[in-house]
Amino acid sequence: MRLYNTLSRRLEEFVPAGDEVRMYVCGPNLYAPCHLGHAMSYIIFDVLRRYLEFRGYRVRHVQNFTDIEDNIILRARATGRTIQDLAEEHIDLFFRQMDALGIQRAHHYPRPTQEIDAIVDMVRVLLEKGYAYQAGGDVYFRVLSFPDYGKLSGRDVDSLMAGARVDPGEAKEHPADFVLWKGAKEGEPSWDSPFGPGRPGWHIECSAMSLKYLGQPLDIHGGGQDLIFPHHENEVAQSEAYSGRKPFARFWVHHGLLRLPDSPEKMTRHLGNLVPLDEALDRFGPDALRLFVLGSHYRSPLTYSEEALAAARAGARRLRLAATLEGGERGPEVDPSPYRERFLAAMDDDLATPQALAALFDLAAEINRARDEGRRTAHAQAVLRELAGVLGLTLREPTPYRADAVPFIEMLIEVRQELRSQRLYALADSIRARLLELGIVLEDTPQGTRWRPRED
RNA sequence: GGCGACGUAGCCAAGGGGUUAAGGCAGGGGACUGCAAAUCCCCGAUCGCGGGUUCGAAUCCCGCCGUCGCCUCCA
């Protein structure tokens, strides 16, 4: 498949270096619950992984949790809790939400507080090789010692000077230098190291942990476009300086960011302009969220709106009904292969999910036509479910209903059927209307009345 | 100031030198239905503005306007 590589700024043919795809995805900081933007990120990488696996690759998937960082320390202090406590709570929540979204779990979820040795070792080597220096209790990466600095984000060190912020009191040699190890401060967690007590800087964790769990080169390193600089640029520099080999990662995959229409900046937790993920999941269900995200190309920015999510929910229902309603007995059966080919061609082209979805919707329409004509649809429906599964769609009803209500619903349907056969339509209609108010949709078909939970 | 994107029907969103400019949602008309629902059929855009290149541009170039991302924590 062709995949856009931020490093080369071009589409390239993707083939893993070894016999499995080594994929590292930047995970969340654990100081607050996830929002819809995080869901977007993990849905996209989930689809990338699912498609690679569908294409026959074995994928080894690692995602970090950032459990030591300024925000967590501040949050823990403000709430009187430990950072471990805070981290555990958000990890639990993260897994519940990701499971609800149908995100396949990564093989490892390393956390910097549990990988201090690897991080310290990496800093030590960088110091030994002269790529890093100690100053004021901290250890910094010496950007000028790494000539390739800027190759990922397309910046040069000189142009960085213009906008660089230099905090008074910082002991950096150069404003673009970044911290590898932060010297211990009063009231902050710290670990012993050959360069004094302290804690890891932000960027170093991803380098140390990805190299430990996957090894160089990574085939794919991914995250949001907001991570290209400085986070990923710094990872490249410190990793390649450490190993003396390049590339650190062969493909860099970055997705566009989610934003709100009336607050067009990207959704982010510290701005508070967010849609909490648990709320979105409750209201729309996992398939609608996926359809919303995948209806736009992953590298484009995506604008959130209630209307767009409601539209995605309606689209999910359309696909679900096409995949699940029973077809007839007659031939000729629908041939799904042209739709399947379109789907694969789209996915092969830099994960063109909007076009892949278009193929699925067209297949759904074809199935519906065939069903209307009393033709067999089972095979085409199986293909529809298979391809939807590559996108992680469940095609299941998202709205829960109480199982113990089912006998009563069915009894009401029987009574209503009797009323209809006696042409007492006013009563029959009022039962249907009442059930709708209670959240149950009735549909009368030649094969009888069927029901489903109302979605809204 | 530097670097990078985006602007396509009411809404979301593909495409990216010659195609009837995908698909979804919403809306209108029709079929089916006792009525609905579901489904099917039909209906809508010349692509931010102004120049230019070309036989031909939504697609390339230049300028302008608007919006966003990064340069600081960030999916």
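The chains referred to below are lettered A, B, ... by the order of the sequence lines, with proteins before strands, and numbering in each begins at 1.
Remark: the A:His107 side chain and the A:His61 side chain contain no N/O donor-acceptor pair separated by less than 3.5 Å. For the 3.5 Å distance criterion, the side chains of A:Tyr51 and A:Asp348 qualify, holding a donor opposite an acceptor.
Here A:Asp444 lies in heavy-atom contact (under 4.0 Å) with a base. Nucleic acid contact class of A:Glu373 (heavy atoms, under 4.0 Å, all strands): none. A:Arg416 comes within contact range of at least one nucleobase, with a heavy-atom separation under 4.0 Å. Residue contacts shown for A:Arg452 are limited to sugar-phosphate atoms, with no base heavy atom under 4.0 Å away.
Annotation: B:C11 and B:C47 have their P atoms spaced 16 Å apart (nearest Å). Distance noted for atom P between B:C73 and B:C65: 32 Å (whole Å). Between B:C41 and B:G66, the two C1' atoms lie 41 Å apart (nearest whole Å). Taking the C1' atom of each, B:A58 and B:G1 are spaced 33 Å apart, rounded to whole Å. One C1' atom belongs to B:G56, the other to B:U67, and the distance between them is 32 Å to the nearest Å. Comparing the same atom, P, in B:A38 and in B:A26 gives a spacing of 8 Å after rounding to whole Å. Taking atom C1' in both B:G17 and B:G10, the straight-line distance is 30 Å, to the nearest Å. Straight-line distance between the C1' atoms of B:G52 and B:A9: roughly 28 Å, to the nearest whole Å.
Here B:A37 is the nucleotide among B:C68, B:C71, B:A37 with the atom lying nearest to any side-chain atom of A:Glu443. With B:C71, B:C35, B:C25 as the choices, the nucleotide that has an atom nearest any side-chain atom of A:Asp429 turns out to be B:C35. When the nucleotides B:A75, B:U67, B:C70 are ranked by their closest atom to the side chain of A:Arg155, B:C70 comes out on top.
Ion pair A:Glu188/A:Arg199 flagged as a salt bridge, since at least one NZ, NE, NH1 or NH2 atom sits closer than 4.0 Å to an Asp/Glu carboxylate oxygen. The pair A:Arg290-A:Asp287 does not count as a salt bridge, with every side-chain nitrogen at least 4.0 angstrom from each carboxylate oxygen. Under 4.0 Å is where a charged nitrogen must lie from a carboxylate oxygen, and between A:Asp138 and A:Lys182 no such pair does. A:Glu373 and A:Arg330 are not joined by a salt bridge, as no carboxylate oxygen comes within less than 4.0 angstrom of a charged side-chain nitrogen. For the pair A:Arg111 and A:Glu88, the salt-bridge criterion is met [side-chain N within less than 4.0 Å of a carboxylate O].
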With 3.5 Å as the limit, what N/O pairs link the protein to nucleotides 10-15 of chain B?
{"residue": "B:C11", "atom": "O2'", "partner": "A:Glu307", "partner atom": "OE1", "Å": "3.4"}
{"residue": "B:A13", "atom": "O2'", "partner": "A:Gly295", "partner atom": "O", "Å": "3.0"}
{"residue": "B:A14", "atom": "OP1", "partner": "A:Ser296", "partner atom": "OG", "Å": "3.3"}
{"residue": "B:A14", "atom": "OP1", "partner": "A:His297", "partner atom": "N", "Å": "2.7"}
{"residue": "B:A14", "atom": "OP1", "partner": "A:Ser300", "partner atom": "OG", "Å": "3.3"}
{"residue": "B:A14", "atom": "O3'", "partner": "A:Gln355", "partner atom": "NE2", "Å": "3.3"}
{"residue": "B:A14", "atom": "O2'", "partner": "A:Gln355", "partner atom": "NE2", "Å": "3.1"}

Pick out the pairs of N or O atoms, protein on one side and nucleotides 39-42 of chain B on the other, that lie under 3.5 Å.
{"residue": "B:U39", "atom": "O3'", "partner": "A:Asn368", "partner atom": "ND2", "Å": "3.1"}
{"residue": "B:U39", "atom": "O2'", "partner": "A:Asp372", "partner atom": "OD1", "Å": "3.1"}
{"residue": "B:U39", "atom": "O2'", "partner": "A:Asp372", "partner atom": "OD2", "Å": "2.5"}
{"residue": "B:C40", "atom": "OP1", "partner": "A:Asn368", "partner atom": "ND2", "Å": "3.2"}
{"residue": "B:C40", "atom": "OP2", "partner": "A:Arg318", "partner atom": "NH1", "Å": "3.4"}
{"residue": "B:C40", "atom": "O4'", "partner": "A:Asp372", "partner atom": "OD2", "Å": "3.0"}
{"residue": "B:C41", "atom": "OP1", "partner": "A:Arg369", "partner atom": "NH1", "Å": "2.5"}

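For the pair A:Trp451 CH2 and B:A36 C1', the interatomic distance rounds to 19 Å; values are reported in whole Å. Here B:A22 presents its P atom at 20 Å from CG of A:Leu291, a figure rounded to the nearest Å. Between the P atom of B:A36 and the CD1 atom of A:Ile413 lies a distance of 20 Å, rounded to the nearest Å. The separation between A:Ile73 atom CD1 and B:C73 atom P is 14 Å, rounded to whole Å. One can place CG of A:Leu227 at 11 Å from C1' of B:C73, the figure rounded to the nearest angstrom. Spacing between atom NE2 of A:His174 and atom C1' of B:C71 amounts to 13 Å, rounded to whole angstrom units. For A:Leu30 and B:A75, the CG to C1' distance is 13 Å, given to the nearest whole Å. Between the CZ atom of A:Arg450 and the C1' atom of B:A36 there is a distance of 13 Å, given to the nearest Å.
Within 6.0 Å of CZ on A:Arg77 lie more than 12 heavy atoms contributed by other residues, nucleotides or ligands.
Atom-to-atom distance recorded for A:Asp67:CG and A:Asn29:CG is 9.5 Å, nearest 0.5 angstrom. Atom CD1 of A:Ile103 sits about 4.5 Å away from atom CG of A:Asp46, to the nearest 0.5 Å.
Take the nearest nucleotide of RNA chain B for A:Gly27 and for A:Asp362: the residue whose nucleotide is more 5' is A:Asp362. Two residues, A:His203 and A:Ser153, neighbour RNA chain B, and the one matched to the more 5' nucleotide by heavy-atom proximity is A:Ser153.
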Taking only distance into account, with no hydrogens and no angle test, what donor-acceptor pairs under 3.5 Å do side-chain atoms of residues 91-101 of chain A form with protein atoms, sequence neighbours excluded?
{"residue": "A:Asp99", "atom": "OD1", "partner": "A:Arg105", "partner atom": "NE", "Å": "3.3"}
{"residue": "A:Asp99", "atom": "OD2", "partner": "A:Arg105", "partner atom": "NH2", "Å": "2.8"}

Give every donor-acceptor pair under 3.5 Å between a side-chain atom in residues 311-320 of chain A and any protein atom, sequence neighbours left out.
{"residue": "A:Arg313", "atom": "NH1", "partner": "A:Arg283", "partner atom": "O", "Å": "3.1"}
{"residue": "A:Arg320", "atom": "NH1", "partner": "A:Glu455", "partner atom": "OE2", "Å": "3.3"}
{"residue": "A:Arg320", "atom": "NH2", "partner": "A:Glu455", "partner atom": "OE2", "Å": "2.8"}

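Across A:Arg369, A:Arg375, A:Gln381, a single residue satisfies side-chain contact (heavy atoms from CB on, under 4.5 Å) together with A:Val334, and that is A:Arg375.
A:His35 and A:His38 have tilted rings, their planes meeting at an angle from 30° to 60° on a 0 to 90° scale. Taking the six-membered ring where the residue is Trp, A:His254 and A:His232 present tilted rings, their angle falling between 30° and 60°.
In this structure, B:A21 makes no Watson-Crick or G-U wobble pair, since no nucleotide meets both defining distances under 3.5 angstrom. B:G27: Watson-Crick or G-U partner is B:C43, with both key distances under 3.5 Å. Across all strands shown, nothing is found opposite B:U33 as a Watson-Crick or G-U wobble partner with both distances under 3.5 Å.
Between the side chain of A:Arg432 and the base of B:C35, at least one donor-acceptor pair of N or O atoms lies under 3.5 Å. Taking 3.5 Å as the limit, the base of B:G2 and the side chain of A:Asp156 contain no donor-acceptor pair of atoms between them.
Contacts with RNA chain B (heavy atom under 4.0 Å) in residues 94-108 of chain A: none are found. Near RNA chain B, meaning a heavy atom under 4.0 Å away, there are no residues from residues 4-12 of chain A.
Using a 4.5 Å heavy-atom cutoff, the side chains of A:Arg416 and A:Arg432 are in contact.
Remark: aromatic rings of A:His221 and A:Phe248 are close, center separation under 6.0 Å.
Residue A:Tyr425 and nucleotide B:G34 are classified as a stacked aromatic pair, their ring centres being separated by less than 5.5 Å at an interplanar angle below 30°.
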